[in-house]
Trainee: 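Structure in structure tokens, see below.
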Amino acid sequence: MTTIRLRNTRTRKVEDFDPIDPTKVRMYVCGPTVYDRAHLGNARPVVVFDVLYRLLRHVYGPDHVTYVRNFTDVDDKINAAAQARKAAGDPRSLEDLIRERTEETIRWYHDDMDALGALRPTVEPRATDYIGQMIGMIEGLIAGGHAYAKDGHVLFRVRSYKDYGKLSGRSVDDMIAGARVEVAPFKEDPMDFVLWKPSDADLPGWDSPWGRGRPGWHIECSAMSHELLGESFDIHGGGIDLQFPHHENEIAQSACAHPHGDFARVWMHNEMLMVEGKKMSKSLGNFFTVRDLLDQRIPGEVIRFVFLSTHYSKPMDWTDRRRQDATATLKTWFRMTDGVPKGEVPVGLVDILANDLNTAFSISKLHELANEGEYSALKASMSLLGFPDAEQIDWFRHGAGLSGAENLAEHAEILHELLTKWQDLRNARDYAAADSLKQSIEACGLKLSAGTVPSAEPTEDFDPAKLEALK
RNA sequence: GGCGGGUUGGCGGAGAGGUUACGCAGCGGAUUGCAAAUCCGUGAAGACCGGUUCGAUUCCGGUACCCGCCUCCA
């Protein structure tokens, strides 16, 4: 059997993966807080751990892997979104508004992640369905001396867990010296973090031994992973930004609540996403969602390809250039594998993925399969990496994909239609009609180019009104 | 301030202590309504300074620079 090797953040080493029970491999990945569309950065862990999930299924069998990814549907950002709508005059109750918002966001999330080719996890628990387990866990922590109630709050006593800070390589004393911690009157120690907090009448709340309130961030993952995967499970994943404090706190809670378990044995973290060399942020104006890209007719598999071309442990740069390269490569591969029977995944490729998920190297191997004419193997390999079969999609047959020019994005639909038609006419060797169509498009002030993917570049004479008139 | 990641050819991006990464672009050629697609061939690298070694881009140390987390945003 293939030995999978994974980098464990806890030990800072790449280790042989040795599941507790090979017939029941268990993985937990931190999912989204459902208050808005997922941005591109949110999608990276989804794709990274989807590849791991596929690899685990390939090695241990599809029925022997349990993948849990939560929806955090209780959070102050969600409350704020609902309160804003209520303030704007919506007559419905806060609870109804919250429910509507979280349900809608979960639908969006599914739509967007499905488009990236991510398999649905085995279980997708919602935090609000596990409030009882959270309360039970908090009670246990208090009984064990690891937490204390004060003024309607319950706090975790960080000093009661000697390994606190081990995952992220921090010491409690150093962090306090850094003085960047919230000092609150109800805290024994500045590093103590909230397990439960009181809710006033304007906030959602649940009855608890400490009064009506709601859980703090962190406890939901500890409670749900315990309920669904047990005291000890194999892999816990998420973005590197979650390493501290989220995962550190999860470990502290779970280790103290279940001292006989190991909690998660392997901790995996993906590095961050950047856009054109910079962190994605609203202030830089380079912030966008997965849906924004899909709406620009960028296929989900192209986004996936760009993600996989960088190892998960390195920052990944989303650039328009890489998007174009990925489009061209996938287009070639889909043409090669269209209608070809699916063969076997080469052992060498599985070994490459098993070596700490080296997706970037695996892509070079796919290039080699393509160069050698091994199209059946290429097709199977693409499937393992989560790409659709050529027969399931059709953009590669005629074109699609636009130049990334920002000022064309809002005309994506009409341009896509026109470019597709142009390509189809050329494919049909109807050059008279193709050239005539080209002339009418270029009359709008666009320059067409028959590249790997037909594209349109705006000139200084670009007139959007004329373009829309071509509809 | 604390912790962590990175620096490879024009661009993106890997593996391996000694042998071609790979892709894109470029260049030469074939083919082709096409500015395309396809096919054949081809040049080009390892931030800086030391150390270990018969030999390092690959191991070790230092320097410089870049980036992220520690704070609501993944």
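Every chain is numbered from 1 and lettered A, B, ... according to where its sequence line falls, protein lines coming before strand lines.
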Trainee: Is RNA chain B part of any stem, that is, at least 3 consecutive Watson-Crick or G-U pairs with both distances under 3.5 Å, and where?
Mentor: B:1-7 with B:64-70, B:10-12 with B:22-24, B:26-30 with B:38-42, B:47-51 with B:59-63

Trainee: Round to the nearest Å and state the distance from His367(A) atom NE2 to rG12(B) atom C1'.
Mentor: 11 Å

Trainee: Looking for any heavy atom pair under 4.0 Å, which part of the strands does Lys279(A) touch: base, sugar-phosphate only, or nothing?
Mentor: sugar-phosphate

Trainee: Once side-chain hydrogen bond (donor to acceptor under 3.5 Å, both in side chains) is applied, do any residues pair with Asp36(A), and if so which ones, sequence neighbours excluded?
Mentor: none

Trainee: Tell me the interatomic distance from Glu368(A), atom CD, to rA21(B), atom C1', rounded to whole angstroms.
Mentor: 8 Å

Trainee: Could you tell me whether Asp192(A) and Arg159(A) make a salt bridge, using a distance below 4.0 angstrom between a side-chain N and a carboxylate O?
Mentor: no

Trainee: Look at all strands and tell whether Asn270(A) reaches a base, only sugar-phosphate, or nothing, counting heavy atoms closer than 4.0 Å.
Mentor: nothing

Trainee: To the nearest angstrom, how far is Asp317(A) atom CG from rG13(B) atom C1'?
Mentor: 12 Å

Trainee: For residues 362-369 of chain A, please give each side-chain donor-acceptor pair under 3.5 Å, one per line with the distance, not counting sequence neighbours.
Mentor:
unit_1	atom_1	unit_2	atom_2	d
Ser362(A)	OG	Thr359(A)	O	2.6
Ser364(A)	OG	Phe361(A)	O	2.7

Trainee: Which residue lies toward the 5' end of RNA chain B, Lys365(A) or Gly239(A), if each is placed at its nearest nucleotide?
Mentor: Lys365(A)

Trainee: Would you say Lys77(A) reaches rC73(B)'s phosphate, i.e. side-chain N/O to OP1/OP2 under 4.0 Å?
Mentor: yes

Trainee: For residues Asp292(A) and His39(A), determine if any side-chain heavy atom of one lies less than 4.5 Å from a side-chain heavy atom of the other.
Mentor: no

Trainee: Could you tell me how far rC59(B) sits from rU7(B) if I compare only their P atoms? Round to whole Å.
Mentor: 11 Å

Trainee: Can you tell me, in whole Å, how much space there is between the C1' of rC27(B) and that of rA44(B)?
Mentor: 12 Å

Trainee: Identify, with sequence neighbours excluded, every residue that meets ring pair (Phe, Tyr, Trp, His ring centres under 6.0 Å) alongside Tyr130(A).
Mentor: none

Trainee: Roughly how far apart, to the nearest Å, are rG17(B) and rA25(B) at atom C1'?
Mentor: 32 Å

Trainee: Provide, to the nearest angstrom, the distance between the CH2 atom belonging to Trp333(A) and the P atom belonging to rA37(B).
Mentor: 17 Å

Trainee: Would you call Glu103(A)-Arg99(A) a salt bridge at under 4.0 Å N-O?
Mentor: yes

Trainee: State which residue, out of Glu220(A), Glu250(A), Arg69(A), fulfils the side-chain contact (heavy atoms from CB on, under 4.5 Å) condition with Cys30(A).
Mentor: Glu250(A)

Trainee: Give the rounded distance in Å between these two atoms: CZ of Phe307(A) and C1' of rG12(B).
Mentor: 16 Å

Trainee: Partners of His153(A) by ring pair (Phe, Tyr, Trp, His ring centres under 6.0 Å), sequence neighbours excluded?
Mentor: Phe186(A)

Trainee: For nucleotides 3-11 of chain B, which of its nitrogen or oxygen atoms have a protein nitrogen or oxygen under 3.5 Å away, and what is each distance?
Mentor:
unit_1	atom_1	unit_2	atom_2	d
rC3(B)	O2'	Ser168(A)	O	3.1

Trainee: Just call it for His39(A): base, sugar-phosphate, or nothing, with non-hydrogen atoms closer than 4.0 Å on any strand.
Mentor: base

Trainee: Under the side-chain contact (heavy atoms from CB on, under 4.5 Å) rule, collect the residues that match up with Arg291(A), sequence neighbours excluded.
Mentor: Arg37(A), Asp111(A), Asp112(A), Thr289(A), Leu294(A), Asp295(A)

Trainee: P atom, rU8(B) versus rG4(B): distance in rounded Å?
Mentor: 22 Å

Trainee: Give the rounded distance in Å between these two atoms: CG of Asn79(A) and C1' of rC72(B).
Mentor: 14 Å

Trainee: Can you see whether Asp73(A) engages Tyr35(A) through a side-chain donor-acceptor pair at a distance of less than 3.5 angstrom?
Mentor: no

Trainee: Could you pull out all residues at least two apart from Phe156(A) that satisfy ring pair (Phe, Tyr, Trp, His ring centres under 6.0 Å)?
Mentor: Phe193(A)

Trainee: Considering only atom P, compute the distance from rG46(B) to rU19(B) and round it to an integer number of Å.
Mentor: 14 Å

Trainee: To the side chain of Thr332(A), which of rU38(B), rA14(B), rG23(B) is closest?
Mentor: rU38(B)

Trainee: Report the residue (Lys278(A) or Glu442(A)) whose heavy-atom-nearest nucleotide on RNA chain B is the more 5′ of the two.
Mentor: Glu442(A)

Trainee: Using distance only, find each side-chain donor-acceptor pair of residues 160-167 of chain A under 3.5 Å and give its atom names and separation, not counting sequence neighbours.
Mentor:
unit_1	atom_1	unit_2	atom_2	d
Ser160(A)	OG	His146(A)	ND1	2.8
Ser160(A)	OG	Arg157(A)	O	2.7
Tyr164(A)	OH	Asn249(A)	OD1	2.5

Trainee: I need the full list of side-chain hydrogen bond (donor to acceptor under 3.5 Å, both in side chains) pairs touching residues 369-378 of chain A, with sequence neighbours left out, sorted by first then second residue.
Mentor: none

Trainee: Starting at atom CZ of Phe396(A), determine the distance to atom P of rA36(B), rounded to an integer number of angstrom.
Mentor: 22 Å

Trainee: Counting only side-chain nitrogens and oxygens, does Arg335(A) get under 4.0 Å of the OP1 or OP2 atom of rU38(B)?
Mentor: no

Trainee: Nearest to the Tyr35(A) side chain among rU38(B), rC67(B), rC73(B), which nucleotide is it?
Mentor: rC73(B)

Trainee: Going by ring pair (Phe, Tyr, Trp, His ring centres under 6.0 Å), name the residues that satisfy it together with Trp267(A), two or more places apart in sequence or in a different chain.
Mentor: His236(A), His247(A), Phe263(A)

Trainee: What's the closest nucleotide to the side chain of Thr329(A) if the choices are rU38(B), rG23(B), rA14(B)?
Mentor: rG23(B)

Trainee: Say we look at rG61(B) and rG9(B): how far apart would their C1' atoms be, to the nearest angstrom?
Mentor: 27 Å

Trainee: What residues in residues 347-364 of chain A put a non-hydrogen atom under 4.0 Å from any atom of RNA chain B?
Mentor: Asn358(A), Ala360(A), Phe361(A), Ser364(A)

Trainee: What's Phe305(A) touching, base or sugar-phosphate or nothing? Going by heavy atoms closer than 4.0 Å.
Mentor: nothing

Trainee: Round to a whole Å and report the spacing from CD of Glu372(A) to C1' of rC22(B).
Mentor: 12 Å

Trainee: Between rC69(B) and rU63(B), how far apart are the P atoms? Round to whole Å, please.
Mentor: 25 Å

